[in-house]
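Before any comments, here is the structure.
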Amino acid sequence: MNASISKKICLIGDFAVGKTSLVRRFVDEAFSDDYLTTVGVKISTKRVRLPKGSEVKLIVWDIAGHERLSTVSKTYLQGASGYVLVADGTRANTLQTALALKAQVDPLLHEPPWVGLLNKYDLEAEWEVTATQQQTLLKQGWSLSSAKTGTGVEAAFLRLAEMMLP
Ligand code: G3D
Ligand code: MG
């Protein structure tokens, strides 16, 4: 596949919301070795073909480790064309964290394309994020996902890829 276009995307969100699990779910097994671990960042790649036929190599950056993410480093964001914002439906406070992080990231990257994932949808029965809140968020660029079952994962990354292409 000729993927001459590469785009960096970053995973953004609180600790344990499922960022790494989402990346693992999205990135092919065949590409899972194609990363380098640098200063606390794991980089994976995946080539995708969009519905309209164009191809793009996504370079997916994910914070390694377990530190709580209250500020995002400029080095981490540098050069990103878009980001995946993740919250955990079972912990409503992670949505507040996500929105606070978004407010930091957007000006730094000049309002880039983004997709929001309300993750752990397989645990919907235990969600703190209410149905009413979900309805509001769905209208604002969020969708529902489960890294465990795969629901909504690929669709979200592809939607972001489509938004980033000229
Ligand atoms: P992070 O990278 O955002 O810190 P992780 O989050 O991907 O490490 O996930 C944190 C924990 O949540 C992991 O559990 C992981 O298996 C779980 N998880 C991630 N996504 C989902 C999901 O969609 N559904 C469910 N049920 N669990 C999920 P452990 O127990 O390994 O810490
Ligand atoms: Mg992680």
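Whatever order the structure lists ligands and atoms in, that order sets their numbers, starting from 1. Please read these numbers as outputs of a predicted model, since none were measured by experiment. All heavy atoms count here, side chains included; hydrogens, waters and symmetry mates do not.
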Please list, in number order, the atoms of ligand 1 under 4.0 Å from a heavy atom of [X].
{"X": "K148", "result": "22 (C), 23 (O), 24 (N), 26 (N)"}
{"X": "S21", "result": "5 (P), 7 (O), 9 (O), 15 (C), 19 (C), 20 (N)"}
{"X": "S146", "result": "23 (O)"}
{"X": "L123", "result": "26 (N)"}

Notebook entry, point to check: So does K120 pair up with D88, basic N to acidic O under 4.0 Å?
Noted result: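 A salt bridge links K120 with D88.
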Check: Mind checking whether the Mg ion (ligand 2) has an N, O or S of S21 under 2.8 Å?
Finding: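 No.
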Any N/O of [X] closer than 3.5 Å to an N/O of ligand 1?
{"X": "K19", "answer": "yes"}
{"X": "D62", "answer": "no"}
{"X": "A16", "answer": "yes"}
{"X": "K120", "answer": "yes"}

Check: To which of L144, N119, V86 does the heavy atom nearest atom 20 (N) of ligand 1 belong?
Finding: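 When every heavy atom of L144, N119, V86 is considered, N119 comes closest to atom 20 (N) of ligand 1.
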Item checked: Residue selection (non-hydrogen contact nearest atom 23 (O) of ligand 1) among G13, G18, A147 ->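 It is A147 whose heavy atom sits nearest to atom 23 (O) of ligand 1.
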Check: E162 and P51: which non-hydrogen atoms are nearest, and at how many Å?
Finding: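 In this case the closest contact between E162 and P51 is CD-CD, 4.0 Å.
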Notebook entry, point to check: At their closest point, which heavy atom of L77 faces which heavy atom of K8, and how far apart are they?
Noted result: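 The pair with the smallest heavy-atom distance is C-NZ, 3.8 Å.
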Note to self: With a 6.0 Å cut-off on the ring centroids, do Y83 and W61 count as close?
What the structure shows: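 They do not qualify: ring centres at least 6.0 Å apart.
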Item checked: Side-chain (N119) to main-chain (V17) donor-acceptor, under 3.5 angstrom ->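 Pair found, side chain donor or acceptor close to backbone of V17.
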Note to self: Closer than 3.5 angstrom, by distance alone: can the side chain of K19 be matched with the main-chain N or O of D14 as a donor-acceptor pair?
What the structure shows: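 Yes; judged by distance alone, with no hydrogens or angles, the pair exists.
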Check: Are side-chain N/O atoms of R25 and S145 paired as donor and acceptor at under 3.5 Å?
Finding: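 Note: R25 and S145 side chains miss the donor-acceptor criterion.
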Next item on the list: Sort and list the pairs that fulfil ring pair (Phe, Tyr, Trp, His ring centres under 6.0 Å) and have at least one residue in residues 146-166, not counting sequence neighbours.
Entry: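 Non-adjacent pairs meeting ring pair (Phe, Tyr, Trp, His ring centres under 6.0 Å): F26-F157.
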